[in-house]
Amino acid sequence: MNERYEPRSIEPRWQSRWEQAGAFRAGRRERAEKRYVLEMFPYPSGAMHMGHARVYTIGDALARHLRMRGHDVLHPIGFDALGLPAENAAIKDGRHPGERTRENIVLFRAEMKRLGFSFDWEREIATCDPEYYRWNQWFFLKMLEKGVVYRRQGKANWCTGCQTVIANEQVVDDNRCERCESPVIEKIIPEWAFRITAYAQDLLDGLDQLRDWPERVTTMQRNWIGRSDGAEVDFDVPGRGPIRVFTTRVDTIHGCTYVVLAPEHPLVEKVAVPERRAEVRAFVERMKKADVLERTGEGAPKEGVFTGAHAVNPYTGEKVPVWIANFVLAEYGTGAVMSVPAHDQRDFEFAKKYGLPIRVVIQPAKGERLPSGDALAQAFTEDGVLEASGAFSGLPSAEARRKMSAHAEAKGFGKAEIRWHLRDWGFSRQRYWGTPIPIIYCEEHGAVPVPEKDLPVVLPERAVITGTGEPPLAKVPEFVNTTCPRCGKPARREVETMDTFVDSSWYYARYLSPKDDRRPFDPEAARRWLPVDTYVGGPEHAVMHLLYFRFWHRVMHQLGLVHEDEPCRRLVTQGIVNGPDGRKMSKRWGNVVTPGPMMDRYGADTLRLFILFAAPPEKDIDWSDEQVDGLFRFLGRVWRLFHARQDCFNARDLSARRAHGQPDEAAPAPQGAPDNERGFAAGTNLERAGGPGGAVPPGRNEDFLELRRRTHRTIKKCTEAFQGEMKFNTGIAALMELVNALYALEPRSDAERAAVREALVALAALLSPFAPHAAEELWHEVMGPAARERLLAEEPWPAFDPALVAADTVTIAVQVNGKLRGEVVAAVSAGEAEVRALAEADEKVKTHLAGKAVRKVVFVPRRLMNFVIG
RNA sequence: GGGCGGGUGGCGGAACUGGCAGACGCGCUGGACUUAGGAUCCAGUGCCGCAAGGCGUGAGGGUUCGAGUCCCUCCCCGCCCACCA
C-alpha cells in the first residue's frame, strides 16, 4: 500500500474499473425496487463550473448510496444543447452553434467522468440530436391534434433597429436592444402556444400531493398559477354596449365610483366621446411606447384620462365615469376594473389624484367604524360587513360575495368567475438553434402539419445567423421551400423554432429508452422507472421549468405514455457556490473557481467532500481554500490510518463477514425492514466478541467495545444522512469522529484488531458515496484478496446492530434551578431515586443544595435531573 | 407591498418530538517529532474572570422546573413575485 495519499494515481483506475464492470448501468437488478435519481441536465456552455459540480455530487452521493442499499438505480445524464447562448456566441465569432456545442459536450463529459459520477453513460442524450428533437415535433403534432397547441396573437419584444423579435434577456436598461441599442417596443405577432391554462386547476391540485417538494417551490407555483375567485359584472354604456369587469370583491360594488379600462382595451375607441378622443388617443399612444416596468411597476405614479363616457352600475343603476389608466393590465381579468376607492388602495390613490368620489360600503366586523369617504386616510381592504348596499347591507363580505354573484347571474348581468394568473405558454422563437416547428404553409391549405412519417424536420446545417432581421431559417431556401403534404404544390416551411423549455420538459422520460426510434420512449420502461424519485436542481427553476415539466407529464399521461400525474416525487433545490469572498462567482470580481484546476490539485474526492461537507444541499456555500485543504488532509488522515493499522486487516473475522456475499443478485430488503437485515452480520457480533449473552469484555477491552459502539452509531448516522432531508455534512462529520477515535486506540489482542478491522471496513463503505475512489482503494486494502474481483460500489451498505447502538450507561446532566451544576453517569435504566442519590453525592451539586429546601425535582430519564430550590 | 427562507463563537456549520448550546471542520495558541516544516501527531480554544463564578443562540417581552427550539412585539439579511382588480 502506497504510504502517501495520491488521488491522481488512484482515481482514474477506479473510474475505468467501474466502467468495465458496468457498475452503474440501470436495470441490472430487475427484482429490486427501483430508484430514479435525476439531476437537472446541464446547458453545455463553455466548461463546467462549481454549480454543476455541486448538483451532480449531491445526486451522485444519493445514487451511490441507493445502489449499495440494493436498489436498481437509474442515474442518467444528458445535455440541454439547444438554445440562445450558443447562437449568440455564433453571432460574435461566426462559428456554427452545433460545432461549438459538441465541443463543449466533450469537455463536460470528460470533467464529469473525472469527478467520478456514477452515471449510466449508455443512456446519454443531447437535445440537439435530431433523434431527440424529432420527438419534440412528434409531441407538437399530437398536441395540435388534441387542441393543446394553437396559433394566437402574442406579444413580443420587437427591436426597432434589428427589425426582429428579441428575447427578454436581450432587452437591456431603458428598454433598449442589447446589440444595437435601438428602442424595443411591444409588438403583436402571431405565434404558437401551448394551452397550459387548460391544466391550471389540475396543476394547482397536484401541488397538494408534492409533500416532498420544498414548500417555497410549491408556494411559488401556487402563486404563479394564481387562481382568484371572483365575479364578472357588466357595466353598460348606453348605446355603446357593456364593459365587462372582473372583481374579487363584488361585495364592495355599491362603493364603485368609476370604471377603468386598460389602454389596450378594445372598447377604448368606442366609448370615448368625440370631444375627448384626441386626448384619449394621445394617452394610449404614450402608454404603448412606455417601458413596461415603468408603466406598470408598483412605484410608477398612477396616471389616467377620462373618456367622457359613463357606465351603469347594474346593482345600483348609478352612472359612473369611465377612465383609462396605466395601472390596469390588459392581459389580466377582462382588462377592465370597477374602482372602489374606499376599499382598494390603488383605486384610492387614483381617486385622490383625480378628485373622484370615495364611498365607504364595508365596515370592519369589529373595532372602530370607518369615517365617511372624504375623511378616509387609506383604503380599508379587508373583509367586513356591508352597509349602504341595498338588500345586501348587513351581510358579511364572504356571504355577500356568494349572494351577489348569484344575483348577477339570475339577472343576467354577470356571474361568479375564476381567473388565473397563469398564461398560455407561447413557444415560437425567431431563432436558429432550436427545434424546427413541423408545419408547412400552403396557399391553398394554410398551416398543414408535417406528417408523422416525415419527421424529423431536420435543422439545416447551413445557417445564416446574424442576429438581425428575419428568423435565420427564413434565409435558407433549401429548408424553406418544400411541397404541401396535402396537395403537393410548392409551399413554405414554418421558419420558427421551439422554445428550449420544450426540450427540458420531457427529457427525463427519454432516458428510459434513449435510442427508441419508434416513439419518444418506451411506456413499459416508464411503468418501471417513473416517477422520478429524487430530482436535484437549482431553485431558479422553481416556476418555469418545473411547471412546464409537470404540465408535459400530464399531457403524456393523456397520451397514455405514462401512468401517473406527477413526474417527480421529491425535489431538492440546491444552493449556489459563491466565491471565496461570499459574492456570486463572476469574472467581474475575479473570484471564479472551477472544478478542473481543483481536481488537478486535490483530486475529485476532496472536491466532492468539500461540496458535501460545507453545508446541507439547500444552502448557499462560499468556496474556501482552507476548508478544501482541510478535507484533503482528512482523506490523507484516513489513508494513513489504514496504513498504520495494516496489522488488523487479517484479524480473525469478528464482524466484517457479509450477511450475503453476492451483492449484484441480492434482492433488497423488504420495505420497512430494519437496516440490520442487510449488510454486515452485526447481530451476531456481540456474542462472538464477548461470549454468550454479549457481556462486556473485561479490562481494557472496554475501549474496544466503545469503539464497536461508535462504529455502529456511525453507520446509523450515515444511513440517516440519506433519509429524509439530506444531511451529508453531519454524516461526514460522524466519519471524522470515527477516524479520530481510531487514532486514539492501539489494538493489542486479536479481538481488538478485529474491532478495528470492523471499523475500517465500515469506514470505507460509508465513505464511498462521498469520496468513492479513495473508499474503493481502502476497502480493497482492508478486504484483501477476497475482494479482488468485487467493487465497493456494488457492495451492500453496512448495517448497524441496534444492540450496539444503544448505550448501557448515560451521562445525566444535573441542574439546580435550571443551571448546570454537575453530571452523573448512570445505567440507562436508572430510575429517579438512583439518579438522585448519585446527584446528591456530587460535590458541586452538594454545595449548591446546601441549606436549601428542595421544592421539586424534575427527572427526565436518560437526560437530566433538575433540583428546584427555594 | 406580498410569499418563502434565514439571523447561533474569529469563520463554515451542529443541536432528535422543549432537556448538558457550540458536534465536525477551518482558523488560532501551545507542545511533540524533526536539519527544517507551510508535513505529521498530541493538547487547548464561546465571552468576561487568577479563581469561585457570571454572561451567552438578532432585540425586547411572555409561557415553563427548564427555551436556539413554543407564543407575542420589533429589527436586520437573502431569494422569489411584484399595481393580479
Side-chain angles (χ1 to χ4, degrees), chain A residues 4 214-220 222-224 226-228 230-231 245-250 252 260 262 293 295-302 325-329 331-340 343-347 349-350 381 419-421 539-540 542-543 573 575-576 582 609-610 613-616 618-631 633-634 636-637 640 644 717 720 727 729-737 739-740 743-744 811-823 844 847 855-869:
Chain A
R4 283 178 54 110
E215 196 186 283
R216 62 193 205 104
V217 174
T218 49
T219 305
M220 279 167 73
R222 200 166 273 122
N223 294 341
W224 187 262
R227 175 181 163 133
S228 47
V245 304
F246 174 70
T247 177
T248 53
R249 291 300 304 275
V250 69
T252 66
V260 191
L293 252 183
R295 191 190 116 187
T296 59
E298 194 171 12
K302 296 186 172 31
N326 60 343
F327 68 92
V328 177
L329 309 176
E331 56 278 355
Y332 188 80
T334 58
V337 302
M338 64 170 207
S339 286
V340 184
H343 304 294
D344 181 286
Q345 191 57 29
R346 291 157 306 180
D347 297 346
E349 285 165 27
F350 193 80
T381 57
R419 289 281 170 172
W420 304 88
H421 174 250
E540 66 275 17
V543 232
T573 51
I576 53 179
L609 272 185
F610 167 75
F613 185 66
E618 303 76 34
K619 287 200 67 167
D620 291 353
I621 58 179
D622 295 346
W623 182 263
S624 159
D625 289 316
E626 291 81 9
Q627 286 280 350
V628 176
D629 271 329
L631 273 316
R633 283 203 298 268
F634 169 65
R637 199 167 146 82
R640 287 186 298 276
K717 183 103 188 177
E720 285 166 355
K727 305 211 116 189
N729 55 337
T730 57
I732 294 167
L735 295 177
M736 291 170 169
E737 287 183 80
V739 170
N740 292 344
Y743 264 91
T811 306
I812 294 175
V814 182
Q815 299 180 335
V816 176
N817 276 355
K819 287 204 197 308
L820 183 70
R821 296 301 178 191
E823 50 189 37
K844 241 177 162 184
T847 37
R855 280 196 303 164
K856 186 177 170 185
V857 177
V858 180
F859 176 59
V860 182
R862 310 175 49 148
R863 288 194 185 278
L864 129 165
M865 172 160 282
N866 185 16
F867 292 93
V868 185
I869 58 176

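Below, chains carry the letters A, B, ... as their sequence lines are ordered, and counting in each starts from 1. The basis for the numbers below is simple: all heavy atoms, side chains too, and nothing from hydrogens, waters or symmetry mates.
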**Q** Identify whether any heavy atom of Gly630(A) sits under 4.0 Å from a base atom; if not, whether one sits that close to sugar-phosphate; answer base, sugar-phosphate or nothing.
**A** sugar-phosphate

**Q** Could you tell me whether the phosphate oxygens of C83(B), OP1 or OP2, come under 4.0 Å of any side-chain nitrogen or oxygen in Asn326(A)?
**A** no

**Q** Kindly give the heavy-atom pair with the smallest separation between Thr334(A) and Val245(A), and that separation in Å.
**A** OG1-CA, 3.4 Å

**Q** When you get a sec, tell me which of C83(B), C81(B), G13(B) is the closest nucleotide to the side chain of Pro616(A)?
**A** G13(B)

**Q** May I ask you to verify if any side-chain N or O of Arg862(A) is less than 4.0 angstrom from the OP1 or OP2 atom of G19(B)?
**A** no

**Q** Please tell me if Arg821(A) has a side-chain N or O lying less than 4.0 Å from either OP1 or OP2 of C20(B).
**A** no

**Q** Kindly point out which of C84(B), C81(B), C26(B) is positioned nearest to the side chain of Trp224(A)?
**A** C81(B)

**Q** Looking at the side chain of Glu737(A), which of A23(B), G5(B), C83(B) is the nearest nucleotide?
**A** A23(B)

**Q** Please determine, for the side chain of Lys819(A), which listed nucleotide (C55(B), C41(B), C80(B)) has the closest atom?
**A** C55(B)

**Q** Of all the choices, G25(B), C20(B), C83(B), which nucleotide is nearest to the side chain of Met736(A) once you look at every atom?
**A** G25(B)

**Q** With distance as the sole criterion, do the side chain of Gln627(A) and the base of G25(B) form a donor-acceptor contact below 3.5 Å?
**A** yes

**Q** Would you measure the distance from the C1' atom in C33(B) across to the matching atom in C26(B) and give it in whole Å?
**A** 24 Å

**Q** Taking for each residue the nucleotide of RNA chain B bearing the nearest heavy atom, is the 5' side occupied by Asp622(A) or by Asp629(A)?
**A** Asp622(A)

**Q** Please measure how far the C1' atom in C77(B) lies from the corresponding atom in C28(B), and state the result in whole Å.
**A** 28 Å

**Q** Applying the Watson-Crick and G-U wobble criteria at under 3.5 Å, what pairs with A67(B)? Answer none if nothing qualifies.
**A** none

**Q** What is the nucleic acid contact for Arg227(A), judged by heavy atoms within less than 4.0 Å: base, sugar-phosphate only, or nothing?
**A** nothing

**Q** Over all strands shown, is Ser228(A) touching base, sugar-phosphate only, or nothing at heavy-atom distances under 4.0 angstrom?
**A** sugar-phosphate

**Q** For a quick check of understanding: with a heavy-atom distance under 4.0 Å over all strands, which category does Asn866(A) fall into, base, sugar-phosphate or nothing?
**A** base

**Q** When rounded to the nearest Å, what value does the distance between C1' atoms of G78(B) and G58(B) take?
**A** 15 Å

**Q** Check for a donor-acceptor pair, side chain of Asn326(A) on one end and backbone N or O of Pro301(A) on the other, with a separation under 3.5 Å.
**A** yes

**Q** Kindly point out which of A85(B), C83(B), A15(B) is positioned nearest to the side chain of Tyr332(A)?
**A** A85(B)

**Q** Does Lys302(A) count as lying over the ring of Phe327(A), i.e. NZ or CZ under 6.0 Å from the six-ring centre, within 45 degrees of the axis?
**A** yes

**Q** Taking pairing as Watson-Crick or G-U wobble with both contacts under 3.5 Å, can you name the mate of C41(B), or confirm there isn't one?
**A** G31(B)

**Q** For G38(B) and A32(B), measure between their P atoms and round to the nearest Å.
**A** 15 Å

**Q** What does Glu823(A) touch in the nucleic acid at a heavy-atom separation under 4.0 angstrom: a base, only the sugar-phosphate, or nothing?
**A** base

**Q** Could one point to a donor on the side chain of Arg633(A) or the base of C26(B) with an acceptor on the other under 3.5 Å away?
**A** no

**Q** Verify the contact: side-chain N or O of Lys856(A) to OP1 or OP2 of U64(B), cut-off strictly under 4.0 Å; return yes or no.
**A** no

**Q** Touch check for Pro214(A), heavy atoms < 4.0 angstrom, all strands: base, sugar-phosphate only, or nothing?
**A** nothing

**Q** Might you point out which heavy atoms bring Ile576(A) and Asp620(A) nearest each other, and give the distance in Å?
**A** N-OD1, 2.9 Å

**Q** When we call it a touch if two heavy atoms are under 4.0 Å apart, what does Val868(A) touch: a base, just sugar-phosphate, or nothing?
**A** sugar-phosphate

**Q** Could you work out which one of G53(B), C80(B), C65(B) sits closest to the side chain of Val858(A)?
**A** C65(B)

**Q** Could you check which nucleotide pairs with A59(B) in any of the strands shown, counting Watson-Crick or G-U wobble with both distances under 3.5 Å?
**A** U73(B)

**Q** Among A14(B), A85(B), C41(B), which is the nearest nucleotide to the side chain of Arg640(A)?
**A** C41(B)

**Q** Mind checking whether Arg249(A) and Thr247(A) have side chains closer than 4.5 Å, heavy atoms only?
**A** yes

**Q** Once you apply a heavy-atom cut-off of 4.0 Å, does Glu540(A) come out as touching a base, just sugar-phosphate, or nothing?
**A** nothing

**Q** Counting the atoms with a prime plus P, OP1 and OP2 as sugar-phosphate, which does Arg419(A) contact under 4.0 Å by heavy atoms, base, sugar-phosphate, or nothing?
**A** nothing

**Q** Val814(A) versus Leu864(A): any side-chain heavy-atom pair under 4.5 Å?
**A** no

**Q** Counting only side-chain nitrogens and oxygens, does Asn740(A) get under 4.0 Å of the OP1 or OP2 atom of G25(B)?
**A** yes

**Q** Using the P atom as the point on both nucleotides, what is the distance between C11(B) and A23(B), in whole Å?
**A** 15 Å

**Q** For the pair made of CD in Glu215(A) and C1' in G6(B), what is the distance, rounded to whole Å?
**A** 15 Å

**Q** Let's test this: given Watson-Crick or G-U wobble pairing with both distances under 3.5 Å, identify the partner of G10(B).
**A** C26(B)

**Q** So Ser339(A), base contact, sugar-phosphate only, or nothing? Heavy-atom distance under 4.0 Å.
**A** nothing

**Q** Within the distance-only criterion (no hydrogens, no angle test), does the side chain of Asp344(A) pair as donor or acceptor with the backbone N or O of Ser339(A) below 3.5 angstrom?
**A** no

**Q** So, is Arg216(A) near the phosphate of G2(B), with a side-chain N or O under 4.0 Å from OP1 or OP2?
**A** no

**Q** Between A15(B) and U57(B), how many Å separate the two C1' atoms, rounded to a whole number?
**A** 11 Å

**Q** Please measure how far the P atom in C48(B) lies from the corresponding atom in A43(B), and state the result in whole Å.
**A** 25 Å

**Q** If pairing requires Watson-Crick or G-U wobble contacts with both distances under 3.5 Å, which nucleotide is the partner of G1(B)?
**A** C81(B)

**Q** Which residue, Asn223(A) or Tyr743(A), contacts RNA chain B at a nucleotide closer to its 5' end, judged by nearest heavy atom?
**A** Asn223(A)

**Q** For atom P, what is the distance between C24(B) and U45(B), given to the nearest Å?
**A** 12 Å

**Q** Compare the minimum distances between each of C81(B), G12(B), G19(B) and the side chain of Phe613(A), then state the nucleotide with the smallest one.
**A** G12(B)

